**Student:** 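Would you mind keeping the following structure in view while I ask a few things?
All figures in this text were calculated on a predicted structure; none of them were measured in a lab.
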Amino acid sequence: MHRAEDDTWLVEFSPALVLETLVPGERLTHSTIQPPRAGILDRTGQPMVQPRPVLRIGIDKANLPEGQAAASAAAIAEMVGLDPAAYTAQVEASGPEAFVEAIIQRAEADGPATDEGIAAIPGAAALADTRDLAPTRTFARALLGNVGEATAEVIESSEGRLSPGDQTGLSGLQQQYDKQLSGAPSVTVNAAREDGLFRHIFTSAPQEGTPLRTTLDPRLQALAETVLEEEPSASAIVAIQPSTGEILTVANGPGSEGQQTALLGQYPPGSTFKIATSLALLRQGSTPDAAVQCPAEVTVDGRKFSNVPGYPAAATGTVPLRTAFANSCNTAFINARDTVSQQDLAAAAADLGIGVDAPMGVPGYFGSVPESADGTAHAASMIGQGEVLVSPLALAVAAASVGKGERVTPFLVPGAAAAGETPASGTASASPSATAGSPAPGAPAAGSITAAEAASLRDMMRAVVSDGGAAMLLDVPGEPVLAKTGTAEFGSETPPRTHAWVVALQGDLAVAVFVSEGELGSTSGGPLMKAFLAGAAG
């Protein structure tokens with residue numbers, strides 16, 4: 001700086017202040033080259049997402065006959081399912097040599113763009129390329145996410161990490177772990193002159209990304225998606241290995257329309273929640289053989305509760321708890337409301353993992369059970385209605401905890417717990433905590449389930465298959481299947497709409513099946529569970 005004649009200070013700028021070797025007339029430019037993106041691996045370390053051949057379908061304006069832009073753009077848009085007006089405007093606004101991409105299609109897939117269709121449109125072209133893709137278009141789509149060109153919003157939020165044209169994760173695990181998977185690009189800096197010449201300053205070496213290991217079992221994932229492919233409403237199958245807590249399957253049916261129903265859905269569990277209610281009863285001194293009262297209906301504060309239509313008459317009256325559980329007697333469990341407090345219920349649910357956050361390595365909703373509820377609200381909670389909410393993930397965790405004999409902590413990304421990974425804000429459950437409720441004297445501390453309690457619950461879950469509502473699972477090959485069905489009412493219609501649930505245990509496999517717009521758990525969920533377990537055994 002120096003002082004001017006009017007006593008003000010003026011700044012003297014020299015290019016050397018930026019770079020010692022920079023001279024007047026030169027400016028610094030930089031370019032980046034991204035290294036190959038690392039893959040997302042399955043539980044055996046094999047890549048699920050990797051570069052696969054694709055075709056970039058669009059209009060090549062360099063080969064477009066004069067005056068043909070609008071007609072060709074509209075034709076290709078109609079062929080691939082785009083808005084013709086919007087795509088035509090995009091084509092017309094592009095430069096004369098531009099390739100204007102309409103759709104990316106797997107090279108081996110039967111897609112909307114065919115060789116014959118492309119050949120019939122002047123200027124249309126299919127360029128061979130690669131993209132990081134899963135084995136199929138639907139494979140774990142909501143979980144894995146997708147990779148694409150960074151948008152303006154993504155570039156702005158990257159704090160200089162991304163530039164226009166860079167490929168980046170746009171959703172799912174691809175977005176959540178983008179820094180790990182993408183690594184760091186090679187950066188080249190040049191000193192450019194106005195005459196177009198330049199001199200090289202430096203080039204940094206790229207840093208390859210690190211693959212992301214998951215616990216997914218590709219065979220079971222593909223099987224689950226096949227089982228759900230004909231279900232029109234939102235649906236999900238979550239499978240967990242009880243002995244380890246590894247999440248093997250996170251499948252969402254086509255009716256979920258790309259949403260993460262399996263991990264983030266929030267629904268009343270209906271009678272599947274009687275697993276938690278039964279645990280609370282066991283802690284009050286009950287046993288599977290203890291007598292309970294199962295009338296046709298019961299009234300609480302003026303509200304009438306009844307059993308499902310077609311409930312077997314032979315399972316009414318004075319019956320063992322096992323029978324009431326196997327046939328899902330609503331009235332028997334509601335009659336226990338004075339024995340099991342809402343706090344007891346919340347504590348039992350938490351000890352099965354419902355409502356307890358876990359560092360899975362991916363966002364998840366673990367459920368919520370109110371710690372206080374009276375009258376009809378408490379009665380509804382006893383049968384998984386009212387304000388009780390779960391996800392398919394949460395019920396799979398509960399089943400896995402029964403199978404293992406202690407509360408299971410699920411995970412999808414190994415090492416997430418050690419790294420201090422926590423569920424994303426707004427996706428995990430709010431309550432109860434792992435210490436919710438006040439167990440009866442002599443009961444185990446909150447956060448645990450004893451081997452004896454788990455054995456009693458497995459006994460009753462087996463009765464659901466051998467003598468109750470899940471008889472369709474009796475002939476599934478392999479080890480004996482243990483299960484619980486559930487039907488949850490929702491909405492204000494008369495009759496109400498219903499969610500269908502089934503949870504099952506078979507050997508070291510715990511599974512939850514969910515259908516958003518179902519009938520009974522046994523009729524809508526049962527066949528799906530049977531198909532999955534039979535396929536898993538094959």
**Student:** With R131, which residues qualify under salt bridge (charged side-chain N to carboxylate O under 4.0 Å, His left out), at least two apart?
**Tutor:** D129

**Student:** Short question: side chain of T261, backbone of A234 - any donor-acceptor pair under 3.5 Å?
**Tutor:** no

**Student:** Quick one, R283 and D344 - any side-chain contact, counting heavy atoms below 4.5 Å?
**Tutor:** no

**Student:** Name each donor-acceptor pair under 3.5 Å that joins a side chain in residues 373-380 to protein atoms two or more places apart or in another chain, with its distance.
**Tutor:**
residue, atom, partner, partner atom, Å
H378, ND1, Q342, OE1, 2.7
H378, NE2, R337, O, 3.1
H378, NE2, V340, O, 2.8

**Student:** Enumerate the salt bridge (charged side-chain N to carboxylate O under 4.0 Å, His left out) contacts for residues 209-231, please, sequence neighbours excluded, ordered by first and then second residue.
**Tutor:** none

**Student:** Give a yes-or-no answer on whether the side chains of K274 and S271 include a donor-acceptor pair shorter than 3.5 Å.
**Tutor:** yes

**Student:** Could you tabulate the donor-acceptor pairs under 3.5 Å formed by side-chain atoms of residues 468-491, not counting sequence neighbours?
**Tutor:**
residue, atom, partner, partner atom, Å
D475, OD1, K530, NZ, 3.3
K484, NZ, S328, OG, 3.0
T487, OG1, G521, N, 2.8

**Student:** Could you list the residues that satisfy salt bridge (charged side-chain N to carboxylate O under 4.0 Å, His left out) with R322, not counting sequence neighbours?
**Tutor:** D289, D459

**Student:** L533 and V511: side chain to side chain contact (heavy atoms under 4.5 Å, CB included), yes or no, with the steps?
**Tutor:** CA-CA 9 Å; L533 292 178; V511 186; 4.1 Å; yes

**Student:** Sequence neighbours left out, what passes salt bridge (charged side-chain N to carboxylate O under 4.0 Å, His left out) with E387? Give chain and number order.
**Tutor:** none

**Student:** With sequence neighbours excluded, what pairs up with S456 under the side chain to side chain donor-acceptor pair (under 3.5 Å) test?
**Tutor:** none

**Student:** Please collect all disulfide (SG to SG under 2.5 Å) contacts where either partner lies in residues 476-538, sequence neighbours excluded, each pair once.
**Tutor:** none

**Student:** Go through the side-chain N and O atoms of Q50 and R37 and say whether any donor and acceptor fall under 3.5 Å apart.
**Tutor:** no

**Student:** More than 12 heavy atoms of other residues, nucleotides or ligands under 6.0 Å from CD of E208: is that the case?
**Tutor:** no

**Student:** Applying the side-chain contact (heavy atoms from CB on, under 4.5 Å) criterion to L216, which one of L41, L143, I40 satisfies it?
**Tutor:** L143

**Student:** Just jot down the side chain to side chain contact (heavy atoms under 4.5 Å, CB included) partners of T136, sequence neighbours excluded, or say none.
**Tutor:** T138, F139

**Student:** Output yes when a side-chain donor or acceptor of W501 lies under 3.5 Å from a complementary backbone atom of P392, and no otherwise.
**Tutor:** no

**Student:** With sequence neighbours excluded, give me every disulfide (SG to SG under 2.5 Å) pair touching residues 249-349.
**Tutor:** C294-C329

**Student:** Using side-chain heavy atoms (C-beta onward) and a distance below 4.5 Å, is L170 in contact with Q175?
**Tutor:** no

**Student:** Kindly determine whether T318 and V292 satisfy side chain to side chain contact (heavy atoms under 4.5 Å, CB included), including the steps that lead there.
**Tutor:** CA-CA 6 Å; T318 302; V292 297; over 6 Å; no

**Student:** So with a 6.0 Å cut-off around CD of E159, is the heavy-atom count from everything else above 12?
**Tutor:** no

**Student:** Can any side-chain N or O of R52 pair as donor or acceptor with the backbone N or O of L133 at less than 3.5 Å?
**Tutor:** yes

**Student:** Quick one, D178 with R161, criterion salt bridge (charged side-chain N to carboxylate O under 4.0 Å, His left out). Give me CA distance, side-chain angles, the key distance, then yes/no.
**Tutor:** CA-CA 11 Å; D178 184 64; R161 188 173 66 88; 2.7 Å; yes

**Student:** Do you see a donor-acceptor pair shorter than 3.5 Å between the side chains of N252 and Q260?
**Tutor:** yes

**Student:** Do T214 and L173 come within less than 4.5 Å of each other through their side chains, counting heavy atoms only?
**Tutor:** yes

**Student:** Would Q284 and S286 satisfy side chain to side chain contact (heavy atoms under 4.5 Å, CB included), going step by step from the backbone distance to the final call?
**Tutor:** CA-CA 6 Å; Q284 298 299 331; S286 190; 5.8 Å; no

**Student:** Any pair with a residue in residues 486-538 that passes disulfide (SG to SG under 2.5 Å), sequence neighbours left out, goes on the list, sorted by first then second residue, please.
**Tutor:** none

**Student:** Could you pull out the closest heavy-atom pair between V397 and G353, with the gap in Å?
**Tutor:** CG1-CA, 4.0 Å

**Student:** With ring-ring contact (aromatic ring centres under 6.0 Å, His included) as the rule and sequence neighbours excluded, what pairs involving residues 247-277 come up?
**Tutor:** Y267-H499, Y267-F514

**Student:** Is there a donor-acceptor contact under 3.5 Å linking the side chains of S233 and S516?
**Tutor:** no

**Student:** Start with the C-alpha gap between L282 and L457, add the side-chain angles, then the distance that decides, and say whether side chain to side chain contact (heavy atoms under 4.5 Å, CB included) holds.
**Tutor:** CA-CA 9 Å; L282 294 174; L457 292 174; 4.1 Å; yes

**Student:** Quick one: closest heavy-atom pair of G405 and A454, and the distance?
**Tutor:** CA-CB, 3.6 Å

**Student:** Heavy atoms, side chains only, cut-off 4.5 Å: are P269 and V388 in contact?
**Tutor:** yes

**Student:** Would you say the side-chain atoms of E519 and T498 include a donor-acceptor pair closer than 3.5 Å?
**Tutor:** no

